Amino acid sequence: MSDIRTEASKNFIQAIIDQDVSQEWNQGRVHTRFPPEPNGFLHIGHAKAALLNYSLAVNNEGLFNLRFDDTNPLKEEEAFVESILSDLRWLGADWENRLFFASDYFEHMYDLACGLIAKGRAYVCDLDQEQIRAYRGTLTEPGQESPYRNRSVQENLDLFSRMRNGEFSDGQRTLRAKIDMSSPNLNMRDPVLYRILHAHHHRTKDKWCIYPMYDYAHPLGDALENITHSVCSLEYADHRPLYDWVLDHTDYDAVPGVVGRPKQIEFARLNMNYTVMSKRKLRRLVAEGHVEGWDDPRMPTLAGLRKRGYTPRAIRRFSEEIGVAKRDSVVDLAFLEHCIRQELNRTAPRFMAVLRPLKLVITNYDADVTEWVEVENNPEDPQAGTRNVPFARELYIEEADFMEDPPKKFFRLAPGREVRLKGAYIIKCEEVIKDEVTGDIRELRCSYDPDTRSGEKQSSRKVKATIHWVSTEHATKATVRLYDHLFQSENPERYEDFIEDVNPRSLETLTACVVEPALTEATDQDRFQFLRQGYFFRDRQDEGSGLMVFNRIVGLRDTWAKTQQSKEKR
RNA sequence: UGGGGCGUCGCCAAGUGGCAAGGCAUCAGCCUUUGGAGCUGACAGACGUAGGUUCGAAUCCUACCGCCCCAGCCA
């Protein structure tokens, strides 16, 4: 994964690490982790976090762990563990043999909690959920101490073990840290450490009926794994004092193998325009059928991006280049698109495909002849070589490449106008055949100039445009799916209900497309540039035994379309 | 209104007292058998605002303004 190491200007976390290493803090080790909760699919924002942690480790000769934060059996599922694992492997993050689960440490965490009780730093509280909320106070008023706050160590120990033994019902009691009910930081107002949940856990099954809260489990999980830098998102900054409190008062360092102490560092998580990034919202898009699933190519999920045709390399590049900082930001989707175009321009073999076919007959070309013209596979990469494309009297061209009454700047085909057919001849449009009833353009009659075949004497003659084409006789049918932004506005969150902003034209399925025959033989590849149109991903998953199916990853930059659009706006 | 975080070009983002990197986007030109790619050039007179310190400030100080997060037995 050589592309993960970069020389980019260093971010503030790397600056912290530099200092820590130089001061031999934690023996100068760097050990990071990515801690997903298995309650949904990973999205591009998670990719940023995972890759940040991974590259921090790689760039500093450190280690990187994957740890599932599975402390809430009510929301977590084995299926999500599987999807996260495969997404991360696909992305290229490598945790080697260090795959862990917070639930691996439940026993240690329980023991450590007993230690907290013994030291008088935690107590069993009988207040119910509403009461705890009422006692917590508000942002501006201090809370009140629980009447159970001063139970004896003995009683707390007894009660806590009975909680574990299942003697109480869900929600009946909690274990709380004894900190400060008047702290201006609400997280420090005697936070709940353990709750009773008679629930089946995907890993520990029915062994436990009490589960640790994130704020208690996370620092301990980090500590037990000898994590040095616990990188998380901004909203946890308020939790850092609690993170440190747990480490301060718990005897985690007595656990065999523990050699240091982690610290939490927060960064701003990724936001992007024209999409939503919260699991809750993504779940709704799936549940309400606005998309076809978590892996719908319009989704910002890794599964979606993968099905769309994005490469892990492009996503890595993206997360590296957007940088890391602490200010809320919204990255332009255009930058993600830039990253995949940049890669595919170098690597994707080119083919001709006509998405919306218009028949074209070359009237002065022999109907019995097929010429095989040579076309380069990738002008950016001479090594890619050339292929032969069959050229004949009847062709398909792109509907949009002809206009009967063209505007000024349109320089493709029009009545009486000349254009080059890529790799073949210059043709001239002589006649437009229309449907007698509807008036729709049915066919173009053209003449060709035999002296202008690519590579021949007259071939240097200039025409205003070169268009792509496919011989009707040799055409292979295909289905092509064109994707557009999932949302119409840059910030769907601004809507009272973001669903209102879903783009009704985010998917267009074209079933009458034709592609050149050589594409059928490109069985070892999945990503192509369809000349003049964009980059496409062969979606074998959806092909069954029928037609080839291609998903448009991203279109080519199209300055003509762009100027047309801005004209429309005016 | 308590606490925490943040404010540098349309969007990301360097810069940590010495004369505002880079990328994306945008615009212009060149080139081109992809209106792609490539190449060249333009693009913050100023770093939320106002004061102050200093020979010198985006960088230090003060005040103010704005945005984000926190009152789950979610993570």
Side-chain angles (χ1 to χ4, degrees), chain A residues 8-11 15 35-37 39 69 71-72 74-76 125 127-129 132-134 136-143 170-176 183-189 191-197 210-211 213-215 217-218 232-241 266 268 273 279 321-339 341-342 345-346 350 352 375-376 379-380 409-412 420-424 426 452 454-455 459-468 490 529-534 555-563:
Chain A
S9 56
K10 68 176 73 142
N11 60 62
E37 182 186 15
N39 71 341
D69 224 332
T71 57
N72 184 356
L74 264 21
K75 294 187 173 177
E76 296 147 9
C125 183
L127 258 26
D128 65 31
Q129 203 155 340
I132 286 185
R133 192 190 312 136
R136 186 156 33 226
T138 68
L139 292 177
T140 50
E141 303 156 31
D170 288 3
Q172 197 178 135
R173 289 185 223 266
T174 56
L175 181 73
R176 295 228 259 162
S183 169
N185 181 345
L186 305 217
N187 294 303
M188 300 299 269
R189 321 245 261 226
V192 171
L193 265 23
Y194 270 88
R195 75 284 216 186
I196 298 171
L197 243 37
I210 56 171
Y211 291 91
M213 299 289 292
Y214 168 87
D215 284 315
H218 206 82
C232 66
S233 49
L234 245 32
E235 66 266 31
Y236 291 101
D238 283 343
H239 296 244
R240 186 167 5 106
E266 310 87 19
N273 54 16
K279 278 185 194 170
E321 305 252 325
I322 52 176
V324 192
K326 296 186 76 161
R327 85 175 80 149
D328 291 323
S329 60
V330 181
V331 173
D332 197 337
L333 189 59
F335 186 64
L336 214 210
E337 295 179 341
H338 159 79
C339 292
R341 279 197 197 102
Q342 182 181 244
N345 176 49
R346 267 186 11 245
R350 272 126 244 229
M352 292 198 281
V375 179
E376 70 277 16
E380 300 298 313
K409 289 281 182 58
F410 183 88
F411 40 84
R412 279 110 92 160
R420 171 173 291 282
L421 295 175
K422 173 70 184 179
I426 291 175
T452 56
S454 292
S459 70
S460 57
R461 221 178 96 201
K462 299 288 181 212
V463 285
K464 294 276 274 186
T466 297
I467 65 173
H468 58 94
E490 287 199 31
Q529 185 196 98
F530 287 171
L531 230 56
R532 304 205 304 132
Q533 311 202 80
L556 251 29
R557 290 185 64 212
D558 187 345
T559 50
W560 190 73
K562 202 172 287 173
T563 54

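Quick note on labels: first sequence line is chain A, next is B, and so on, each numbered from 1. Small disclaimer: the values here were computed from a predicted structure and weren't measured.
For the pair A:Phe335 CZ and B:G22 P, the computed distance is 15 Å after rounding to whole Å. At whole-Å resolution of the value, CD in A:Glu141 and C1' in B:G3 are 15 Å apart. The nearest whole Å value for the distance from the CG atom in A:Asn11 to the C1' atom in B:G15 is 14 Å. Put simply, CD on A:Glu337 is 17 Å from P on B:C12, counting in whole angstrom units. Summarising the geometry, the separation between NE2 on A:His338 and P on B:G22 is reported as 15 Å, rounded to the nearest angstrom. Atoms CD (A:Glu380) and P (B:G36) sit 12 Å apart, rounded to a whole Å. Rounded to whole angstrom, the span from the CD atom of A:Glu321 across to the C1' atom of B:C11 amounts to 15 Å. In this structure, A:Glu490 places its CD atom 14 Å from P of B:A25, rounding to the nearest Å.
Heavy-atom minimum distance, A:Arg195 versus A:Thr71: NH1-O, 3.4 Å. Scanning both residues, A:Val330 and A:Asn273, for their nearest heavy atoms gives CG1-N, 3.5 Å. Of all non-hydrogen atoms in A:Pro241 and A:Asn185, the two that sit nearest each other are CG-ND2, 3.7 Å. Between A:Lys422 and A:His468, the shortest heavy-atom distance links the atoms CB-CA, 4.5 Å.
Residue order along RNA chain B, read from the 5' end via each residue's closest nucleotide, puts A:Glu266 first among A:Val324 and A:Glu266.
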Q: Test side chain to side chain contact (heavy atoms under 4.5 Å, CB included) on A:Arg173 and A:Ile196 and set out the steps.
A: CA-CA 7 Å; A:Arg173 289 185 223 266; A:Ile196 298 171; 4.2 Å; yes
Q: In sequence, state the C-alpha distance, the side-chain angles, and the governing distance for A:Glu380 and A:Arg346, and then conclude on side chain to side chain contact (heavy atoms under 4.5 Å, CB included).
A: CA-CA 6 Å; A:Glu380 300 298 313; A:Arg346 267 186 11 245; 5.6 Å; no
**Q.** Worked check of salt bridge (Lys or Arg N to Asp or Glu O under 4.0 Å) between A:Arg350 and A:Glu376
**A.** CA-CA 8 Å; A:Arg350 272 126 244 229; A:Glu376 70 277 16; over 6 Å; no
Q | side chain to side chain contact (heavy atoms under 4.5 Å, CB included) between A:Leu127 and A:Arg176, worked out | A | CA-CA 11 Å; A:Leu127 258 26; A:Arg176 295 228 259 162; 3.8 Å; yes
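Of the C1' atoms belonging to B:C69 and B:A75, the separation is 15 Å, rounded to the nearest Å. Using C1' as the reference atom, B:C31 and B:G36 are 13 Å apart when rounded to the nearest Å. Of the C1' atoms belonging to B:G45 and B:G29, the separation is 26 Å, rounded to the nearest Å. Taking atom C1' on both B:C11 and B:C73, the two are 41 Å apart, rounded to the nearest angstrom. Rounded to whole Å, the C1' atom of B:C67 lies 45 Å from the corresponding atom of B:U34. With C1' as the reference atom, B:A58 and B:A14 are 12 Å apart, rounded to whole Å. Nucleotides B:A44 and B:A21 are separated by 13 Å at their C1' atoms, to the nearest Å. Comparing B:A42 with B:G23, their P atoms are spaced 13 Å from each other, to the whole Å.
Closest to the A:Arg412 side chain, of the nucleotides B:G2, B:C12, B:G35, is B:G35. The side chain of A:Val331 approaches B:C12 more closely than any other nucleotide in the set B:G35, B:U34, B:C12.
Salt bridge status for A:Glu141 with A:Arg136: absent, with no side-chain N to carboxylate O gap under 4.0 Å. With salt bridges taken as basic N to acidic carboxylate O contacts below 4.0 Å, none links A:Glu37 and A:Lys75.
Dashed line: the shortest gap from a side-chain N or O of A:Arg557 to OP1 or OP2 of B:U26 is under 4.0 Å. Taking side-chain N and O atoms only, A:Arg327 has a distance below 4.0 Å to OP1 or OP2 of B:U8. Considering only side-chain N and O atoms, A:Thr559 lies under 4.0 angstrom from the phosphate OP1 or OP2 of B:G36. The side chain of A:Lys326 places no N or O atom within less than 4.0 Å of a non-bridging phosphate oxygen (OP1 or OP2) of B:G7. At the phosphate of B:A14, neither OP1 nor OP2 sits under 4.0 Å from any side-chain N or O atom of A:Lys10.
Residue contacts for A:Ala465: at a heavy-atom cut-off of 4.0 Å it reaches no nucleic acid atom on any strand shown. Within 4.0 Å of A:Arg189, counting heavy atoms only, lies no atom of the nucleic acid at all. Across all strands, A:Gly555 comes closer than 4.0 Å to no nucleic acid atom at all (heavy-atom distances). Among the protein residues, A:Lys279 comes within range of no part of the nucleic acid, since none of its heavy atoms lies under 4.0 Å from any strand. Within 4.0 Å of A:Phe410, counting heavy atoms only, lies at least one base atom of the nucleic acid. Across all strands, A:Lys462 comes closer than 4.0 Å only to sugar-phosphate atoms, never to a base (heavy-atom distances). At a threshold of 4.0 angstrom between heavy atoms, the contacts of A:Gly423 include nucleobase atoms, whether or not backbone atoms are also involved. Within 4.0 Å (heavy atoms only), A:Tyr211 reaches no atom of the nucleic acid at all.
Every ring pair (Phe, Tyr, Trp, His ring centres under 6.0 Å) that A:Phe410 has, sequence neighbours left out, goes to A:Trp560.
Applying the 6.0 Å contact sphere to NZ of A:Lys409 captures no more than 12 heavy atoms from other residues, nucleotides or ligands.
Between A:Cys125 atom SG and A:Ile132 atom CD1 the span is 5.0 Å, to the nearest 0.5 Å.
Contact annotation: side chain of A:Arg240 to base of B:G4, donor-acceptor pair absent below 3.5 Å. Taking only distance into account, the side chain of A:Gln533 never meets the base of B:U34 through a donor-acceptor pair shorter than 3.5 Å.
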Q) If the sugar-phosphate is the primed atoms plus P, OP1 and OP2 and the base is the rest, what is the B/S/- string for nucleotides 68-75 of chain B, using protein heavy atoms under 4.0 Å? A) SBBBSBSB
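In B:G72 the base sits syn relative to the sugar, since the glycosidic angle is no further than 90° from 0.
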(Q) Please convert RNA chain B into dot-bracket. A pair counts if it is Watson-Crick or G-U wobble with both distances under 3.5 Å; crossing pairs go in [ ] and bases paired with another strand get |. (A) .(((((((.[[[..)..(...]]].(((((.......))))).....[[[[[..)....]]]]])))))).....
